[in-house]
Amino acid sequence: MSNKQKKKLTPVQQEYQAFAKAREPKRPVLTNMLRAFFVGGFICLIGQGIADFFIWNFEFTEKTAGNPTVAVLILVSVILTSLGVYDHFAQWAGAGTAVPVTGFANSIASAAIEHRTEGYVLGVGGNMFKLAGSVIVFGTVAAFVVALIKTLLGGT
């Protein structure tokens, strides 16, 4: 709480704030960071394994193996979300499961599952991108800005 807000609090309110802060459970920040780091890294390792699978078994190049790899990661993420596994895993792993592809697929699938009782158009279609909409907008704007800069600088 900022100092300006503390000045407006009565002595009883300030005493309660101190009381509540003293009894607030301490968060295991280091453990959470390590868990997120290793889980995110493991998800990326799985993605690299899938890409290598496409390269070795289907004669993809490193460049062309990216699209099917992303599709498989999205599919696995959506299946795990629909089974309720991804959410429990995400609660334990924290930010590590927010690896862009799997976290994005989870956010869209979760919203679709949550609103399916409202129908496919108004429920699933209308609410599926509420959470993920800002990601789509930011990604589109960022891609436009990068392409504009690259064009202005004469890149190919």
Side-chain angles (χ1 to χ4, degrees), residues 1-2 5 13 16-17 20-21 23-152 155-156:
M1 189 175 286
S2 70
Q5 289 177 338
Q13 290 172 327
Y16 177 75
Q17 290 291 331
K21 187 171 184 164
R23 282 157 181 76
E24 182 179 314
K26 303 295 182 218
R27 293 184 179 94
V29 176
L30 183 63
T31 304
N32 290 346
M33 287 187 331
L34 289 173
R35 195 179 291 165
F37 176 77
F38 285 111
V39 168
F42 185 69
I43 291 172
C44 293
L45 180 69
I46 291 171
Q48 185 62 50
I50 294 169
D52 288 345
F53 174 79
F54 283 119
I55 291 169
W56 293 335
N57 295 325
F58 298 109
E59 298 180 10
F60 280 84
T61 64
E62 284 187 26
K63 191 173 186 177
T64 59
N67 290 337
T69 300
V70 170
V72 169
L73 286 172
I74 289 171
L75 178 67
V76 169
S77 177
V78 169
I79 290 170
L80 291 177
T81 299
S82 65
L83 296 174
V85 174
Y86 196 94
D87 293 332
H88 292 295
F89 181 63
Q91 285 179 342
W92 176 81
T97 57
V99 173
V101 171
T102 57
F104 186 69
N106 174 55
S107 69
I108 291 176
S110 294
I113 291 167
E114 183 178 339
H115 296 287
R116 71 178 182 263
T117 58
E118 298 172 25
Y120 289 117
V121 175
L122 296 177
V124 174
N127 293 300
M128 190 163 58
F129 292 105
K130 279 187 178 177
L131 179 63
S134 60
V135 176
I136 294 170
V137 169
F138 177 76
T140 305
V141 171
F144 175 76
V145 169
V146 168
L148 185 63
I149 291 170
K150 188 174 180 181
T151 303
L152 291 175
T156 56

Verify, without hydrogens or angle tests, whether Asn106 (side chain) and Thr102 (backbone) share a donor-acceptor contact under 3.5 angstrom. no
Val99 to Cys44 - nearest heavy-atom pair and separation: CG1-SG, 4.2 Å
Shortest non-hydrogen contact from Tyr86 toward Thr97: OH-O, 2.7 Å
Please report the interatomic distance CZ(Phe38) to CG(Leu45), rounded to the nearest 0.5 Å. 12.5 Å
Any donor-acceptor pair under 3.5 Å from Arg35 side chain to Gly94 backbone: no
Looking at every non-hydrogen atom in both residues, tell me the closest pair between Asn127 and His115 and how far apart they are. CB-CD2, 3.2 Å
Expected output: side-chain Ser110 to main-chain Ser107 donor-acceptor under 3.5 Å: no
Backbone N/O of Ile136 and side chain of Thr140: donor-acceptor pair under 3.5 Å: yes
Please tell me whether Gln48 and Asp52 have a donor and an acceptor in their side chains that are separated by less than 3.5 angstrom. yes
If you count heavy atoms of other groups shown closer than 6.0 angstrom to CG of Leu83, is the number above 12? yes
Between Ala51 and Thr69, the two heavy atoms sitting closest are CA-OG1, 3.2 Å
Which of Val39, Leu80, Thr81 passes side-chain contact (heavy atoms from CB on, under 4.5 Å) with Phe89? Answer is Val39
With heavy-atom distances below 4.5 Å as the criterion, would you say the side chains of Val101 and Ser77 are in contact? no
Kindly give the heavy-atom pair with the smallest separation between Gly96 and Ile43, and that separation in Å. O-CD1, 3.8 Å
Under 30°, 30 to 60°, or over 60°: which ring-plane class applies to Phe58 and Phe54, parallel, tilted or perpendicular? tilted
How far apart are the closest heavy atoms of Ile74 and Ala105, and which atoms are they? CG2-CB, 4.0 Å
